[in-house]
**Q** 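Got a structure for you, written out below as structure tokens; questions coming shortly.
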2 protein chains.
Amino acid sequence: MTDDFDIKDFLPYLLNQAADASSLEFQHYYKSRYGMLRTEWRVLFHLGRYGTMTAKDICTRAGLHKTKVSRAVTALEQKRFLTRQEVARDRRHESLQLTKAGHRAFADLAAEAQRFDAALTAGFDPDERDMLRRCLQQIAGL
Amino acid sequence: MTDDFDIKDFLPYLLNQAADASSLEFQHYYKSRYGMLRTEWRVLFHLGRYGTMTAKDICTRAGLHKTKVSRAVTALEQKRFLTRQEVARDRRHESLQLTKAGHRAFADLAAEAQRFDAALTAGFDPDERDMLRRCLQQIAGL
DNA sequence: TATTGTTAGTTACAAAAACAACTAATATCC
DNA sequence: GGATATTAGTTGTTTTTGTAACTAACAATA
């Protein structure tokens, strides 16, 4: 009954394997170059791409837990990639913005990500790529 | 130049989000029911589906590091889901086999995985499903 | 048959993630 | 206005992972 069910066809397994494999090389890039962790790169990306926002905003947009973001923000601050600014209206919030160095790192990594993405999907034809992204976005609930 | 590059289109990001989202519910199942970790479930699956083999075989087939497998085997042994058996010919190897309880757990989880997989892809039509799996297998290097 | 190399698996330690408990600021409701 | 609840963010502790060093068995070679 379940004898023909192969783990290689089990979607969560496949997705994890593909995610791990595809992350590995890019991870090496931001790790060796900027000493960043994955969450740091994501926070940097969100601020670089969408501009100033609070930690909470990043949590919501990126689907990350607040402790992860909190620690990533601290790390990026120590690397001088971002600064915090109190929001007068509500002092629980801190608006986060990238420094010059932060913007440079973002620009570099974003360009690299784009190249990397292109290389990764080079073997697929355009409608395969679109379909792949659509399927993944649906599964991810984005 | 890179201003229009959205992280939601970056394949490693998408793959990770989709992998996390899709794993969550199933993970909850084997965790609450059998107290298993992800690696334990994978080891269990390999032994249940492909029969007796050594830890090394599982490493190779599942693309897992030997320390992970070693710990998972210890954990599954303590749960009485598998037993080890020395290989006379070469005492470095240990052949691993599921116990009755291990087989039961495998059957239960495999059936659940199958249901879960079906539910996950219910929104896609057949050729989308095939393409998705093919793309993922290629990216994962399987 | 010593020497060196390789392989399977374990163990120990460091890095990272997950989870819970906490502080401080603001909102709500009596 | 004061008790209570919520929200943003941090800190501390426990799990889990990653990495490297290790043991034991075998292989190869001189």
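Residue numbers begin at 1 in each chain, while the letters A, B, ... track the order of the sequences.
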**Q** Report all interatomic pairs (protein N or O, nucleotide N or O of nucleotides 27-29 of chain D) with separations under 3.5 Å.
**A**
none

**Q** Kindly say if A:Lys68 contacts the phosphate of C:dA18, meaning a side-chain N or O under 4.0 Å from OP1 or OP2.
**A** yes

**Q** Whole-Å distance between C:dA27 P and A:His93 NE2?
**A** 9 Å

**Q** Could you tell me whether B:Lys66 contacts a base, only the sugar-phosphate backbone, or nothing, with contacts defined as non-hydrogen atoms closer than 4.0 Å?
**A** base

**Q** How close or far is atom C1' of D:dG18 from atom NE2 of B:His65, stated in whole angstroms?
**A** 8 Å

**Q** Using five pairs at each end of the helix from C:dT1-D:dA30 to C:dC30-D:dG1 to define an axis, what is the angle between those two axes, to 10°?
**A** 10°

**Q** Expressed in angstrom and rounded to an integer, what is the separation of A:Arg42 atom CZ from C:dA17 atom C1'?
**A** 13 Å

**Q** Answer yes or no: is there a donor N or O on one side and an acceptor on the other, between the side chain of A:Ser22 and the main chain of A:Ala18, under 3.5 Å?
**A** yes

**Q** Keeping the roles fixed (side chain from B:Gln137, backbone from A:Lys8), state whether a donor-acceptor pair exists under 3.5 Å.
**A** yes

**Q** Taking CD from B:Glu94 and C1' from D:dT23, how many angstroms apart are they, rounded to a whole number?
**A** 13 Å

**Q** Rounding to an integer number of Å, can you tell me how far A:Leu24 CG sits from D:dT17 P?
**A** 17 Å

**Q** Would a single hydrophobic cluster contain both A:Leu98 and A:Leu37, if residues Ile, Leu, Val, Met, Phe, Trp and Tyr are joined by side-chain heavy-atom contacts under 4.5 Å?
**A** no

**Q** Would the distance check show the side chain of A:Arg80 and the main-chain N or O of A:Ala101 forming a donor-acceptor pair, the cut-off being under 3.5 Å?
**A** no

**Q** Would a distance-only check, ignoring hydrogens and angles, find a side-chain to backbone donor-acceptor pair under 3.5 Å from B:Arg49 to A:Phe5?
**A** yes

**Q** Rounded to whole angstrom units, what separation is found between the CZ atom of B:Arg71 and the C1' atom of C:dT11?
**A** 9 Å

**Q** For the hydrophobic clusters of this structure (ILVMFWY residues joined by side-chain heavy atoms under 4.5 Å, transitively), does one cluster hold both B:Tyr50 and B:Leu109?
**A** yes

**Q** Under 4.0 Å, heavy atoms only, any strand: does A:Thr39 hit a base, just the sugar-phosphate, or nothing?
**A** nothing

**Q** Give A:Arg38 one of three labels, base, sugar-phosphate or nothing, depending on what nucleic acid heavy atoms sit under 4.0 Å from its own.
**A** nothing

**Q** Could you state the CD-P distance from A:Gln85 to D:dG9, rounded to the nearest angstrom?
**A** 14 Å

**Q** Quick one: on DNA chain D, does B:Lys31 or A:Lys31 contact a more 5' nucleotide (nearest heavy atom)?
**A** B:Lys31

**Q** Quick one: do A:Ile139 and A:Met131 end up in the same hydrophobic cluster if we chain Ile, Leu, Val, Met, Phe, Trp and Tyr together by side-chain heavy atoms under 4.5 Å apart?
**A** no

**Q** Quick one: are the ring centres of A:Phe10 and B:Phe26 less than 6.0 Å apart?
**A** yes

**Q** With a cut-off of less than 4.0 Å, is there a side-chain N or O of B:Ser70 near OP1 or OP2 of C:dG9?
**A** no

**Q** With a 3.5 Å distance limit and no angle check, can you tell me whether B:Ser70 reaches the backbone of B:Lys66 through a side-chain donor-acceptor pair?
**A** no

**Q** Rounded to whole Å, how long is the line connecting atom CG of B:Asp57 with atom C1' of C:dT7?
**A** 13 Å

**Q** Taking atom types as they are modelled, would you say the side chain of B:Arg91 forms a donor-acceptor pair with the base of C:dG9 within the 3.5 Å cutoff?
**A** no

**Q** Without swapping roles, check the side chain of B:Asp108 against the backbone of B:Arg104 for a donor-acceptor pair under 3.5 Å.
**A** no

